[in-house]
> 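This is the structure, below, for whatever I ask next.
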Amino acid sequence: MSTTDVWTCLRKDDYLRQFIGKVEHPGQMITIAAAQTLGVSEQLSKLAEGITLLDKELKKQVLEKHEDLVSQATWVEKLQGVLSVMHVHVQSLLSSVERVRMKVVEPFNRIESQTLVLSRLHATSDLLRRAARIQQLVKRLPGLDPLRTAHIISELGELYQDVDLSGLDILESEERQIKKERAAVEQKALKIVQQGLLGLDQNQVAVGIEIMIKLNIAEKEVNSLMEEAIKQVKSSTKNALDMNVLVPPTVRGGAGRVSGVNIPTNIQYFRNKLWSSWEHTLSSTIYPVCCQMTLIQNVLNNKIGDMCLSLPENEKKSDLAYIFWSEVDTLMKRSLLKAAEGSSYTKQALEVEYPKLLRMHLDFHKKLQTLNLPGSSKPIFPVIGSCLKDFETAYLSKSTNVVLTSVREMFSEGKEATPYHPPSSDKVDSLVKMISNELSVALVDSTLTEAVAKNVVAKAIKLFCQKAEEMIVTTPEASQVIESPNISQELNISIANSVFYFSEQVKNVLNNLNVKKSIASCITNALRNGDKLTQEILNPLLASVIVAIDSILLTMHNEDYNLKEYSGASSLYMRELQAFVARAATTYLSPFQNLNLVTQSCLEVSSRTLELFMRNATLVRPISIPGQKKLLSDFKTVEDAISPLCTQLSELGKVYRTLRSLRALVTAPVSEVVASPVLGQVIPYSLIITFLISRGPPELPSPHQSVDWTIAAYSEWLDNHPDETSRLELLSGALQKYRKTICDQGLSTFDDIYPVIKSLLENATQFLSSKA
């Protein structure tokens with residue numbers, strides 16, 4: 001039986017299979033059901049049978065491989081011999097190492113012992129040297145000046161560093177003397193610095209600071225000096241704003257007393273005393289301590305450079321004064337706010353007369369700017385901090401409310417009046433004076449001026465225009481141009497003129513005060529609301545004027561232009577146009593005082609009049625040779641008709657050039673018209689083609705006739721389609737309708753003007769395509 005067969009027999013046996021599983025999967029629990037059902041004797045029998053199989057297989061394997069086994073046994077004996085030899089060598093090596101170790105350890109121990117003795121000798125020698133130097137230096141202390149004493153004490157401090165000299169009887173008297181001398185020098189150094197600060201003597205302060213540096217107390221003493229200065233500022237600002245100091249209780253008057261100062265009736269006296277007290281604090285207390293801090297800062301920068309005081313790494317040198325100023329600014333802010341909270345009179349003074357308070361601080365800071373550090377372009381003290389911000393906000397709020405209330409009252413009085421009218425010029429002058437005062441007072445500081453311009457003046461102007469806009473009459477009667485100006489139109493004119501007068505007066509104020517351009521632009525932008533309001537009044541009126549002019553020009557087609565002879569008389573519609581334009585300019589437009597805006601509006605009306613005239617003139621048909629002369633006369637007369645609106649017709653630009661160019665072609669032959677160099681450049685192709693169609697036969701319809709429109713409807717369509725492409729397409733439709741009419745009538749030829757117009761239309765299309 002082979003090994004495989006033995007293994008298979010064991011695997012097939014339900015009981016023995018569990019032992020094979022344990023061999024194949026060590027560490028895994030394998031439970032066989034047969035092992036639980038067999039008895040002990042049966043299990044033993046099974047085990048004996050399995051052992052027998054394994055013994056047989058083992059004997060078989062030994063028999064088949066006995067040569068290999070014998071060979072391996074021989075090599076084991078040889079290996080044992082080699083190992084015994086190696087053991088001898090290892091023992092020899094160990095004995096050699098032990099001998100070497102004995103030779104090294106003993107010298108090392110001796111060297112270690114001698115090194116320890118040497119280090120102790122060195123330490124003792126250093127102690128003796130330090131003690132001798134200390135005794136030598138201490139003997140030199142008496143009678144020296146403070147700076148030299150500080151140098152010696154500094155050197156003594158270095159000798160005491162990194163070593164413990166306590167408990168040495170030999171130095172006991174010297175240590176007592178060092179402490180005594182150090183305390184005395186510290187006092188002298190502080191006194192020197194204090195005297196130097198009082199006299200602003202930089203050399204004296206430098207000596208004191210140098211002594212402190214040598215004694216390693218500069219950080220502590222400088223911080224102490226700064227804290228003392230801050231306490232002084234705190235006390236001074238508190239007393240300057242204390243009501244008991246400003247108005248002592250003994251002179252205020254009280255129950256049963258009538259003498260003394262009564263604040264409500266002597267408010268100006270109280271304010272004068274308040275301002276003088278605060279100004280005295282700024283100049284006599286805060287400024288001197290700022291000078292002292294600058295002096296200390298200068299000395300620190302010169303003497304110790306980047307010496308670290310109680311400052312972060314990024315705050316060296318000039319930051320000492322900056323920190324001091326931050327504390328002072330905070331103290332002033334707290335004092336002012338506390339004083340305002342404690343007294344309504346103080347609060348009112350600080351808020352209402354804020355510009356005066358601001359001017360004091362600006363003057364104070366001008367003095368501070370002279371305290372810059374040598375070689376530094378950065379001011380040691382920043383510009384005004386946050387101490388006045390709250391009062392600036394309150395001042396702007398109060399000023400805004402006062403001015404806006406004044407505007408509202410002006411217009412509320414106008415509503416109650418009969419008849420209803422805008423504010424009078426006197427009231428406008430009062431408002432302008434108020435605005436001028438606000439700006440004048442704010443000129444002490446450009447930042448305040450800008451804030452007043454934005455928050456007071458600009459808002460007042462916008463409110464004035466808004467209130468005026470609410471008064472505007474927008475009913476149809478306010479835009480009529482048939483009868484004399486009615487009440488609604490007169491009211492609108494008064495509103496526009498009142499706003500214009502207000503705008504001009506404000507501009508005069510800006511010119512007189514000579515404010516900065518940035519500030520003036522803020523107010524000027526607000527004044528544009530006045531122009532918008534006037535334009536809002538003018539637009540409906542101008543629209544009515546244009547509608548009337550359009551209606552008059554439409555009557556051109558009632559004139560007879562198919563004359564046999566032209567007498568030279570003006571057209572009826574042209575005489576009517578002249579009369580209406582003159583009346584409109586005199587009656588409806590001239591009362592407006594805003595000449596720039598009215599002039600610009602008149603230019604627009606003039607341009608529109610010429611555009612409508614040329615549009616209608618090119619549609620006139622039939623027209624004979626004398627009729628062309630009559631139309632030419634109308635071209636000349638229309639320039640005179642619009643002269644009341646526009647004295648310089650050249651200001652109309654392109655539309656006027658088109659009129660003059662078209663006038664030159666009214667009586668010209670068709671060939672000359674087509675060859676004109678102004679086509680497409682000055683005169684639009686659509687306009688000249690319409691003009692040529694009017695010279696054609698009755699079968700060639702005008703553009704409006706080709707689509708069954710009235711001339712008015714056609715004019716409206718042109719207004720909604722300003723692009724040449726759309727207009728040329730409509731004209732092309734007129735030609736197509738003419739061609740269809742000729743075909744329907746069975747005629748074999750077209751009128752001579754048809755190919756000319758068709759060619760011109762093609763050229764126009766190509767011209768527009770090239771431009772695109």
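Note: hydrogens, waters and symmetry copies are ignored here, and every other heavy atom, side chains too, is used.
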> Can you find a heavy atom in the side chain of Glu438 that is under 4.5 Å from one in the side chain of Val402?
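A side-chain contact under 4.5 Å is absent here.
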> Report the distance from atom OG1 of Thr400 to atom CG of Leu396, rounding to the nearest 0.5 Å.
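Output value for this atom pair is 6.0 Å.
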> Within the supplied structure, the quantity of interest is the number of heavy atoms (other residues, nucleotides, ligands) at a distance under 6.0 Å from Lys737 NZ; does it exceed 12?
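More than 12 within 6.0 Å, yes.
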> How close do Asn497 and Pro591 get, counting heavy atoms only, and between which atoms?
ND2-O, 3.0 Å
> Measure the shortest side-chain to side-chain distance between Cys602 and Leu589 over non-hydrogen atoms and say whether it is less than 4.5 angstrom.
yes
> State, to 0.1 Å, how close Phe464 and Pro423 come at their nearest heavy-atom pair, and which atoms those are.
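Taking every non-hydrogen atom into account, CE1-CG, 4.4 Å.
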> Do Asn558 and Thr555 get their side chains close enough for a donor-acceptor pair, meaning under 3.5 Å?
no
> Start with the C-alpha gap between Gln535 and Asn539, add the side-chain angles, then the distance that decides, and say whether side-chain hydrogen bond (donor to acceptor under 3.5 Å, both in side chains) holds.
CA-CA 6 Å; Gln535 192 68 58; Asn539 285 340; 2.7 Å; yes
> State whether the number of non-hydrogen atoms from other residues, nucleotides or ligands found under 6.0 Å of Glu565 atom CD is greater than 12.
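Open.
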> Is Asp744 paired with Lys740 through a side-chain N to carboxylate O contact shorter than 4.0 Å?
yes
> Do Glu559 and Lys630 touch side chain to side chain, with heavy atoms closer than 4.5 Å?
yes
> Say whether Ser633 and Tyr566, considering side chains only, have a donor N or O and an acceptor N or O under 3.5 Å apart.
yes
> Return yes if some donor-acceptor pair links the side-chain N/O of Thr609 with the main-chain N/O of Val605 below 3.5 Å, else return no.
yes
> Salt bridge or not for Lys532 and Glu536, using N-O below 4.0 Å?
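A salt bridge is absent here (no side-chain N lies under 4.0 Å from a carboxylate O).
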> Can Asp634 and Tyr573 be said to form a side-chain hydrogen bond (donor to acceptor under 3.5 Å, both in side chains), step by step?
CA-CA 10 Å; Asp634 292 343; Tyr573 82 92; 3.1 Å; yes
> Do Arg657 side-chain atoms and Val682 backbone N/O form a donor-acceptor pair below 3.5 Å?
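No, Arg657 side chain to Val682 backbone: no donor-acceptor pair under 3.5 Å.
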> Can you tell whether the side chains of Arg615 and Asp719 come within less than 4.0 Å, N to carboxylate O?
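Yes.
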> What I want to find out is whether Asp751 reaches Arg695 closely enough, with some N-O distance under 4.0 Å, to be called a salt bridge.
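No, no charged N to carboxylate O under 4.0 Å.
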> Mark yes when over 12 heavy atoms from residues, nucleotides or ligands other than Glu716 sit less than 6.0 Å from its CD; otherwise mark no.
no
> Within a reach of under 6.0 Å around NZ of Lys758, are more than 12 heavy atoms found that belong to other residues, nucleotides or ligands?
no
> Do Leu662 and Thr618 come within less than 4.5 Å of each other through their side chains, counting heavy atoms only?
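The answer is yes; the side chains approach within 4.5 Å.
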> Which heavy atom of Tyr685 sits nearest to which heavy atom of Leu728, and what is that distance?
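Scanning both residues, the minimum pair turns out to be CB-CD2, 4.3 Å.
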> Where the side chain of Ser430 meets the backbone of Asp426, is there a donor-acceptor pair that is under 3.5 Å apart?
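Side chain of Ser430 to backbone of Asp426, a donor-acceptor pair under 3.5 Å: yes, one is there.
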> Considering non-hydrogen atoms only, spot the tightest contact between Asn486 and Gln489 and give its length.
OD1-N, 2.9 Å
> What closest approach, in Å, do Glu699 and Pro701 show between heavy atoms, and which atom pair accounts for it?
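Heavy atoms of Glu699 and Pro701 come nearest at O-CD, 3.1 Å.
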> Check the surroundings of atom CG in Asp752: do more than 12 heavy atoms from other residues, nucleotides or ligands lie under 6.0 Å from it?
no
> Among pairs that include at least one residue of residues 635-669, which meet ring-ring contact (aromatic ring centres under 6.0 Å, His included), considering only residues two or more places apart or in two chains?
Phe613-Phe635
> Find out whether Leu632 and Lys636 are in side-chain contact, i.e. whether some heavy atom of one side chain is under 4.5 Å from a heavy atom of the other.
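Yes; the side chains approach each other to less than 4.5 Å.
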> Without swapping roles, check the side chain of Ser544 against the backbone of Val481 for a donor-acceptor pair under 3.5 Å.
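The answer is no, because no donor-acceptor pair under 3.5 Å joins these two groups.
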> Would you call Glu639-Arg660 a salt bridge at under 4.0 Å N-O?
yes
> If you define the side chain from C-beta out and look only at heavy atoms, does anything of Phe592 sit under 4.5 Å from Ser601?
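Of all side-chain heavy-atom pairs linking Ser601 with Phe592, none is under 4.5 Å.
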> Any heavy-atom pair between the side chains of Ile642 and Leu652 that's under 4.5 Å?
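Yes, close enough: below the 4.5 Å cut-off.
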> Would you name the heavy atoms of Met556 and Tyr561 that are closest together and state the gap between them?
O-CE1, 3.5 Å
> Do the non-hydrogen side-chain atoms of Ser676 and Ile683 ever get within less than 4.5 Å of each other?
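The answer is no, as the side chains (C-beta and beyond) never meet within the 4.5 Å cut-off.
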